[in-house]
Amino acid sequence: MRIRGELLILILVIGVLALLMTLANRDDINVYSADADSVVYSSYRTLPEGYRALYDTMGGLGYRVRRLTKPYARIEGRGLLILADPNYLNTGNRTGPVPITAYDSRCLLDWLHEGNTALVLVEHNPALLEDLAEGEKDSHAQDAPTITSGLHTANNVTTATPTVPSFLSRAADTLAVNSGARLDPDALLPPKLADAVGGAVPLYKDAQGVVVAYSAVGAGGVVWCTSPWSFCNAGIAQGKNLDFVLALADRHPGGEIIFDEYHNGYGSDASLWTLARPLTRLGFAQVMLALVLFLVTLGWRFGAPRLPADERFSRSRAEYLTSMAGLLERAEATHVVRERVSVFLRRELGRRLGLSPHAPPERFLEANSRLNVVDPAGLERVLRHLTTLEGQHRPTPEAVFRLTGDVQRLLHGKRV
């Protein structure tokens, strides 16, 4: 069956749309070339400050682990999110903290309200707390201060102990700490962030100040910690640090442990399609399907003309022959009919006798005398009549009619 051109165009359009959607959903990692001396708490890194040991350990213990390489608008599922002090982004000539936008913050809070937990670790980039409350600030892309109000400095490895009993203190009664920042007990969080999460309570502290605090957010919560070192490759094996993370992970049986790599700079390219919510993408897909169906329906109008059924099937052969006969009679085109009868007779005799349609009459008579395909006398009479009419410019209708009858009787007459 011949495929019409418009259908090929539609198939090409659908293929291009499918390709664009596939490319928009790619999870390729855009890894920047971080300097060896940069402190990047990433699960991709095996340096002392990396989080690869925690990632592999949790996976080896049977927990479901994965890396988030897209904004929080694309965070799905349930479980524990680990955001480890995003500090540097070395892409081109831009340096500074990886921005968390206001939309990112709203999506994260919505995810927490659903009953999930986040472990937010902040030391070198305290402006992260402001980002979580307000979104990206232009000043963050330049020279964000190392320590902001509400944080104090300390430069020695210490042991933090619980300030109040909690689900964390039951699993980890101590926490090995190596950090240059502490939470101020009088202002654990910036005001806007405190309003957004409903405040915080201190959970662990050492001699230098509060190290860990907790905020209940809807059915979930956030654990704030100023010692990212405690869970890096160099610190996860110290004291009860691993038990601390296990206690957080066990709050979501069957859930995932999600390492935020997007804000560490290891993010895949985003697009409007990847940022859209699943319901939005479903609606867009339905619109595209409706458009394709509309184009397919419209495409039928571009094909060959299609007459109504009454016009296509109600005319009989007799009506057609009568009309043609009347037309030829009015035009006095008897020579046309004679030529059609001559061509038809020669082709039919040539097929039956194995001769060329252009053979002379003598050849037809000689071959028929041997094969006896048609009546010899009738064939001789028809050929003689035809030769006579071919010498006339416009034979009479009666003569052409008699010739047609003779040909019909000759070819379809019964042989005895």
Side-chain angles (χ1 to χ4, degrees), residues 1-15 292-416:
M1 182 180 67
R2 184 174 62 89
I3 300 179
R4 298 187 302 166
E6 59 267 22
L7 291 181
L8 292 176
I9 295 176
L10 288 175
I11 293 173
L12 179 62
V13 171
I14 295 173
V292 169
L293 293 177
F294 173 75
L295 291 176
V296 170
T297 303
L298 188 63
W300 289 107
R301 299 179 181 270
F302 301 148
R306 295 176 61 86
L307 296 175
D310 294 342
E311 294 293 330
R312 281 183 282 162
F313 303 109
S314 63
R315 294 182 181 272
S316 66
R317 180 176 297 181
E319 182 181 1
Y320 170 76
L321 293 176
T322 302
S323 299
M324 285 298 300
L327 179 63
L328 292 172
E329 183 178 7
R330 287 194 300 271
E332 296 182 356
T334 55
H335 61 289
V336 174
V337 179
R338 178 199 63 200
E339 293 299 327
R340 295 299 300 270
V341 172
S342 175
V343 170
F344 171 74
L345 175 62
R346 291 177 178 276
R347 286 181 177 175
E348 187 65 21
L349 289 175
R351 182 182 65 83
R352 296 185 184 186
L353 299 174
L355 298 177
S356 169
H358 305 290
E362 295 78 8
R363 293 286 306 279
F364 287 114
L365 293 172
E366 188 274 332
N368 185 63
S369 64
R370 288 185 289 104
L371 301 176
N372 197 25
V373 172
V374 296
D375 179 41
L379 176 61
E380 183 179 359
R381 183 176 58 255
V382 167
L383 291 177
R384 185 171 58 252
H385 191 184
L386 179 61
T387 301
T388 301
L389 294 183
E390 286 178 346
Q392 300 176 8
H393 178 62
R394 290 182 184 273
T396 62
E398 292 78 6
V400 173
F401 182 77
R402 286 196 301 272
L403 173 64
T404 304
D406 292 340
V407 170
Q408 182 71 11
R409 285 189 292 273
L410 174 68
L411 297 178
H412 298 283
K414 294 183 180 180
R415 296 293 296 155
V416 180

Within a strict 4.5 Å, meaning less than it, do heavy atoms of the V400 and T396 side chains meet? no
Closest heavy-atom pair, F364 versus L353, reported as atoms and distance to 0.1 Å, is O-CD1, 3.7 Å
I'd like to check V341 versus L389 (side-chain heavy atoms, cut-off strictly below 4.5 Å). Are they in contact? no
Can you check whether L379 reaches V373 side chain to side chain, under 4.5 Å on heavy atoms? no
Note: R338 and P395 closest approach over all heavy atoms is NH1-CD, 3.9 Å
According to the salt bridge (Lys or Arg N to Asp or Glu O under 4.0 Å) rule, which pairs have a member within residues 392-404, sequence neighbours left out? none
Would you sort out whether R351 and E348 count as a salt bridge (charged side-chain N to carboxylate O under 4.0 Å, His left out), showing the intermediate values? CA-CA 5 Å; R351 182 182 65 83; E348 187 65 21; 2.4 Å; yes
Is the shortest heavy-atom distance from the side chain of V374 to the side chain of V382 under 4.5 Å? no
Minimal non-hydrogen separation, N368 against P376, with atom names: ND2-CA, 3.6 Å
How far apart are the closest heavy atoms of S342 and L386, and which atoms are they? OG-CD2, 3.7 Å
Do you know which two heavy atoms are closest between A399 and H385, and how far apart they sit? O-CE1, 3.6 Å
In the structure I gave you, are the side-chain heavy atoms of L355 and R346 within less than 4.5 Å of one another anywhere? no
